[in-house]
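First the structure, in the form of structure tokens, and then the observations on it.
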There are 2 protein chains.
Amino acid sequence: MTQAAFFVLTALADQPRHGYGILREIEELSDGEVQLRVGTLYGVLDRLTADGLIALDREEVQQGRLRRYYRLTDEGVRALGAEAQRMAAGADAARRRLAEGRHAPGPGLAGGLA
Amino acid sequence: MTQAAFFVLTALADQPRHGYGILREIEELSDGEVQLRVGTLYGVLDRLTADGLIALDREEVQQGRLRRYYRLTDEGVRALGAEAQRMAAGADAARRRLAEGRHAPGPGLAGGLA
DNA sequence: CAGGATATATCGGCTGCCGATATATGCACA
DNA sequence: TGTGCATATATCGGCAGCCGATATATCCTG
């Protein structure tokens, strides 16, 4: 799963959203760090739909503008959970191995990682 | 940072390794889940070297075969730590939002259906 | 009426992963 | 002997996917 697909699924994890709303939500939930581009979005949406991880929820017209809402499918929920599991495991592995290596300790350890 | 680059850095996080050893190490540390391909490796190695995240450590000839060892640079250590941080945060965000949504609870929650 | 936010969509370029392929050595086995 | 496999390097073409640019349209603000 690509990074872009992961963030789209994450943005849809709590409730259905439309394309532009997904863009804003990803920026917000990542604290501004991740900015999915418009040119990326629709390709990802199409691919995730084709893969059965998301589905068209409904279409609304708000203030003359079409809003096409997508939602996670059950398979999408499972896939996102599994990917989160893999990412957490990968992050842990990296940190463990960095700690094992002969590197200078990183900053901010006082008060600790728990 | 791409997935492949992340795993290469992780494989080098505890000690210098040569290309083929990186391949085996990634497979082992990921419990067989991640299999970096040979065709991917050398491009990643070149790119990481150009980016200053890894450096050539030494070259050895073992049993008539050349072994080219790479190690993390200080910048590589920092970059891997930061990436692990981002991944852990992303995984957490996905899990939190899945829990917030109106989804069936995942497996393994004591008292669950399974 | 100009500019920006909202909202959709497409396309070309570039990056990057992967399968296939090539070369070479050491070892096990028939 | 010679066949195959693991080890170890490297390159190349195809294809997938991200991004910048572009296009269209509405609503609001100044």
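Chain naming here is simple, since letters A, B, ... match the order of the sequence lines and numbering starts at 1 in each.
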Distance-only donor-acceptor check, side chains B:Q85 and A:R95, under 3.5 Å: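 Yes - a donor-acceptor pair under 3.5 Å links their side chains.
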
Using a 4.0 Å heavy-atom cut-off across all strands, classify [X] as base, sugar-phosphate, or nothing.
X	answer
B:G39	base
B:V38	base
B:R65	base
B:T2	sugar-phosphate

Separation of atom [atom1] in [X] from atom [atom2] in [N], rounded to whole Å:
X	N	atom1	atom2	answer
B:L36	C:dC17	CG	P	8 Å
B:R67	C:dG26	CZ	P	13 Å
B:L41	C:dC18	CG	P	11 Å
B:D51	C:dG16	CG	C1'	13 Å
B:Y20	C:dA24	OH	P	18 Å
B:R47	C:dC14	CZ	C1'	12 Å
A:L66	C:dT6	CG	C1'	12 Å
A:E60	C:dT6	CD	C1'	15 Å

B:E25 bridged to A:R97 by N-O distance under 4.0 Å: yes

First of B:T40 and B:Q62 reached from the 5' end of DNA chain D, by closest nucleotide: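 Between the two, 5'-proximity favours B:Q62.
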
Nearest non-hydrogen partners of [X] and [Y], listed with the distance:
X	Y	answer
B:A93	A:L29	CB-CD1, 4.3 Å
B:L72	B:L9	CD2-CD2, 3.5 Å
A:Y70	A:L12	O-CD2, 3.4 Å

Span of DNA chain D, from the first to the last nucleotide whose atoms fall under 4.0 Å of chain A heavy atoms: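 So the outermost contacting nucleotides come out as D:dG17 to D:dC27.
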
Comparing A:Q63 and A:G43 on DNA chain C - which has the more 5′ nearest nucleotide: A:Q63

Criterion side-chain contact (heavy atoms from CB on, under 4.5 Å) on A:R68 and A:L56, from CA distance to verdict: CA-CA 7 Å; A:R68 188 165 292 145; A:L56 185 62; 3.0 Å; yes

All ring pair (Phe, Tyr, Trp, His ring centres under 6.0 Å) counterparts of A:F6, not counting sequence neighbours: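 If we apply the ring pair (Phe, Tyr, Trp, His ring centres under 6.0 Å) test to A:F6, skipping adjacent residues, there are no hits.
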
